[in-house]
**Student:** 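Before I ask anything, here is the structure I am working with.
Whatever order the structure lists them in is the order used to number ligands and atoms, beginning at 1.
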Amino acid sequence: MGKALEGVRILDFTHVQSGPTCTQLLAWFGADVIKVERPGVGDITRGQLQDIPNVDSLYFTMLNHNKRSITIDSKNPQGKAVLERLIRECDVLVENFAPGALDRMGFTWERVQELNPRMIMASIKGFGPGPYEDCKVYENVAQCTGGAASTTGFRDGLPLVTGAQIGDSGTGLHLALGIVTALYHRTQSGRGQRVTCAMQDGVLNLCRVKLRDQQRLAHGPLTEYSQYGEGVPFGDAVPRAGNDSGGGQPGRILKCKGWETDPNAYIYFITQAPVWGAICDVIGKPEWKTHPDYAKPAARLPRLNEIFGAIEDWTMTKTKFEAMEILNEYDIPCGPILSMKELAEDQSLRATGTLVEVEHPTRGTYLTVGNPIKLSDSPADVLRSPLLGEHTEEILRDVLGYADHDIAEIESSGAIGDIRRQAAE
Ligand code: COA
């Protein structure tokens, strides 16, 4: 049986992180992703944060698996002609250029539709239509303008950005869903359509619960926030909630054995109401099960500092893994704070293919995150990222049907760079 998206051909004009996340997922699902890169230069991330000189960076290799690379100068007339033929041959065009860049290349939505009415054209921009639509945007800008930063961190500290790339990778995920939805629609309509995703919108979507809290504020304090129990009044906007749980069940990050020297010796602990009795027994406070100040969730809210303090007295006697094991026996929701080192060494993540070792011709073996979305009939094989222009000749010949002399002529025009030199490098 073929892969889920086998037969779907994608013209991938993406670069940096947001767009490549999207097309990498589609490639893992079986689409033929043809990544267009500028001759001699390529995706800027090939050379960013390089750990080994003159070798494609991990930044690039970890975002561009299972793709083919063709180098085309989109501003060269011959290059444009090649791109027009690719547009006719592909099902989806994905791009995350700065606003207006694709239009300046001559590929407006109108022109793309003329060339291929079945084309789905998908774009990521920083902002949707409005005052900021022309701005270039990177990850942290999106986190700040989408509501994440104002609601992350501690009340008495700066707004904080998070390590999870919710602006870039998050928006790439949103776009991938838009693309497969448009592909499904096309099976009935016969036509392509425009799919757009703004990073601000993607982040705001992931901050949905904070917009929920913004509206709840009009009806009184947010009682599950620690500041309620501490008697600190709320302002007119959702405050930063530290490590408070975003749901209705209070939660905190608590110290575990070794916290004095290990920056990750902590556990997230949720005082879920149905297991309150078990929590009291585990931490040695059985009297709290019936005491009117502690027995019911509402009574506990003003006392969360004291309660979590008592729980922490217990977690500090256990390593995070010991605590996890004991708490799981009682279905008490918790999670150790895992470092990237611990995750990289996690055997169960390797067994499921979420972590994969990949062989690369110039880098050697490296570890990457595989497809986190598992399809039972279409498992993803993680194949290394392409070298710059590695498949230029192959695509010109096999996808577009150019003969050898055509390819030589295109090459001499400068439209595809020096493919023989690129192949040798
Ligand atoms: N051949 C010739 N020119 C090419 C080319 C090719 N194959 N590929 C790109 N270019 C040109 C573009 O046409 C553009 O030229 P122009 O400004 O003359 O029109 C130029 O390269 C630069 O492209 P741009 O997208 O503006 O790159 P940048 O490095 O200046 O900006 C971003 C990078 C990410 C800020 C910007 O692309 C952006 O805002 N993207 C949308 C939001 C986004 O995805 N951000 C997160 C990225 S992780």
**Student:** Quick check: are there more than 12 heavy atoms from other residues, nucleotides or ligands sitting under 6.0 Å from CD of Glu342?
**Tutor:**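 Check passes, neighbour count above 12.
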**Student:** What protein heavy atom is closest to atom 30 (O) of ligand 1, reported as residue, atom name and distance in Å?
**Tutor:**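 Ranked first by proximity to atom 30 (O) of ligand 1 is Lys136 NZ, 2.4 Å.
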**Student:** For Leu338, I'd like to know if atom CG has over 12 heavy atoms of other residues, nucleotides or ligands within 6.0 Å.
**Tutor:**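 Buried by this count: over 12 neighbours within 6.0 Å.
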**Student:** Does the side chain of Val161 come within less than 4.5 Å of Cys144's, by heavy atoms?
**Tutor:**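 Sidechains of Val161 and Cys144: in contact.
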**Student:** Please list, in number order, the atoms of ligand 1 under 4.0 Å from a heavy atom of Gln17.
**Tutor:**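 Numbered from 1, ligand 1 contributes 48 (S).
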**Student:** Please work out whether the ring planes of Phe13 and Phe107 are parallel, tilted or perpendicular, with thresholds of 30° and 60°.
**Tutor:**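 Ring orientation, 0 to 90° scale: tilted.
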**Student:** Looking only at side chains, do Thr23 and Lys35 share a donor and an acceptor under 3.5 Å apart?
**Tutor:**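 Their side chains do not contain a donor-acceptor pair, so the 3.5 Å distance test is not met.
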**Student:** With only distance considered, is Ala98 within less than 3.5 Å of ligand 1 through an N or O on each side?
**Tutor:**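 It does: an N or O of Ala98 is found under 3.5 Å from an N or O of ligand 1.
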**Student:** Give the numbers and elements of all ligand 1 atoms closer than 4.0 Å to a heavy atom of Arg104.
**Tutor:**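 Per the distance check, 16 (P), 17 (O), 19 (O).
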**Student:** Within this structure, what is the CZ-CD1 distance for the pair Arg252 and Ile270, rounded to the nearest 0.5 Å?
**Tutor:**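 Those atoms lie 13.0 Å apart.
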**Student:** Looking only at protein heavy atoms, identify the closest one to atom 5 (C) of ligand 1 and say how far it is in Å.
**Tutor:**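 For atom 5 (C) of ligand 1, the nearest protein heavy atom is Ser74 OG, 3.8 Å.
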**Student:** Is there a side-chain contact between Leu86 and Ile395 in this structure, where contact means two heavy atoms from C-beta onward sitting under 4.5 Å apart?
**Tutor:**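 The answer is yes, as the side chains (C-beta and beyond) meet within the 4.5 Å cut-off.
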**Student:** Do me a favour and list the nearest non-hydrogen protein atom to atom 20 (C) of ligand 1 with residue, atom name and distance?
**Tutor:**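 Looking at atom 20 (C) of ligand 1, the protein heavy atom closest to it is Arg38 NH2, 4.0 Å.
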**Student:** Under 3.5 Å between some N or O of ligand 1 and some N or O of His15?
**Tutor:**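 N/O-N/O distance below 3.5 Å exists for this pair.
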**Student:** Please confirm whether Pro39 comes within less than 3.5 Å of ligand 1 when only nitrogen or oxygen atoms on both sides are compared.
**Tutor:**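 Checking ligand 1 against Pro39, no N or O pair falls under 3.5 Å apart.
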**Student:** Does the side chain of Lys125 come within less than 4.5 Å of Glu95's, by heavy atoms?
**Tutor:**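 The answer is yes; the side chains approach within 4.5 Å.
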**Student:** Is any side-chain heavy atom of Gln165 closer than 4.5 Å to one of Thr21?
**Tutor:**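 Thr21 does not reach Gln165 side chain to side chain.
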**Student:** Would you mind listing which atoms of ligand 1 come within a distance below 4.0 Å of any non-hydrogen atom of Asp73?
**Tutor:**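 Heavy-atom distances to Asp73 below 4.0 Å select 1 (N), 2 (C).
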**Student:** Is it the case that the side chain of Gln214 and the backbone of Val238 share a donor-acceptor pair, with hydrogens and angles ignored and the cut-off at 3.5 Å?
**Tutor:**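 Yes; at least one donor-acceptor contact below 3.5 Å.
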**Student:** Considering Leu83, Val137, Thr171 one by one, which has a heavy atom nearer to atom 42 (C) of ligand 1 than any of the others?
**Tutor:**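 The option holding the nearest heavy atom is Val137.
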**Student:** Which of the numbered atoms in ligand 1 are below 4.0 angstrom from a heavy atom of Val16?
**Tutor:**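 Selected atoms, number and element: 47 (C), 48 (S).
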**Student:** Near Asp168, which atoms of ligand 1 are under 4.0 Å from a heavy atom of that residue?
**Tutor:**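 Near Asp168, the atoms of ligand 1 are 46 (C), 47 (C), 48 (S).
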**Student:** So which protein heavy atom does atom 9 (C) of ligand 1 come closest to, and at what separation?
**Tutor:**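 The closest heavy atom on the protein side is Phe97 CE2, 3.4 Å.
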**Student:** Using a 4.0 Å cutoff against the non-hydrogen atoms of Met199, which atoms of ligand 1 qualify?
**Tutor:**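 Within the 4.0 Å cut-off of Met199, ligand 1 contributes 42 (C), 43 (C), 45 (N), 46 (C).
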**Student:** Could you tell me how the ring of Phe127 sits relative to the ring of Tyr132: parallel (under 30°), tilted (30 to 60°) or perpendicular (over 60°)?
**Tutor:**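 Plane angle between 30° and 60°, so tilted.
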**Student:** If you take the nearest heavy atom of each of Ile416, Leu63, Asn96, which one is closest to atom 41 (C) of ligand 1?
**Tutor:**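 Minimum heavy-atom distance to atom 41 (C) of ligand 1 goes to Asn96.
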**Student:** Which residue supplies the protein heavy atom nearest to atom 29 (O) of ligand 1, what is that atom called, and how far is it?
**Tutor:**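 Closest protein heavy atom to atom 29 (O) of ligand 1: Tyr138 OH, 4.2 Å.
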**Student:** Show which atoms of ligand 1 fall inside a sub-4.0 Å distance from at least one heavy-atom site of Ile72.
**Tutor:**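 With Ile72 as reference, the close atoms of ligand 1 come out as 1 (N), 6 (C), 7 (N).
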**Student:** Among Lys75, Met105, Glu95, Lys125, whose heavy atom sits nearest atom 14 (C) of ligand 1?
**Tutor:**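 Looking at heavy atoms only, Lys75 sits closest to atom 14 (C) of ligand 1.
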**Student:** Answer yes or no: are there more than 12 heavy-atom neighbours, outside Asp398 itself, under 6.0 Å from its atom CG?
**Tutor:**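 Result for CG/Asp398: enclosed.
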**Student:** Could you list which atoms of ligand 1 come closer than 4.0 Å to a heavy atom of Ile124?
**Tutor:**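 Listed by number with element: 41 (C), 44 (O).
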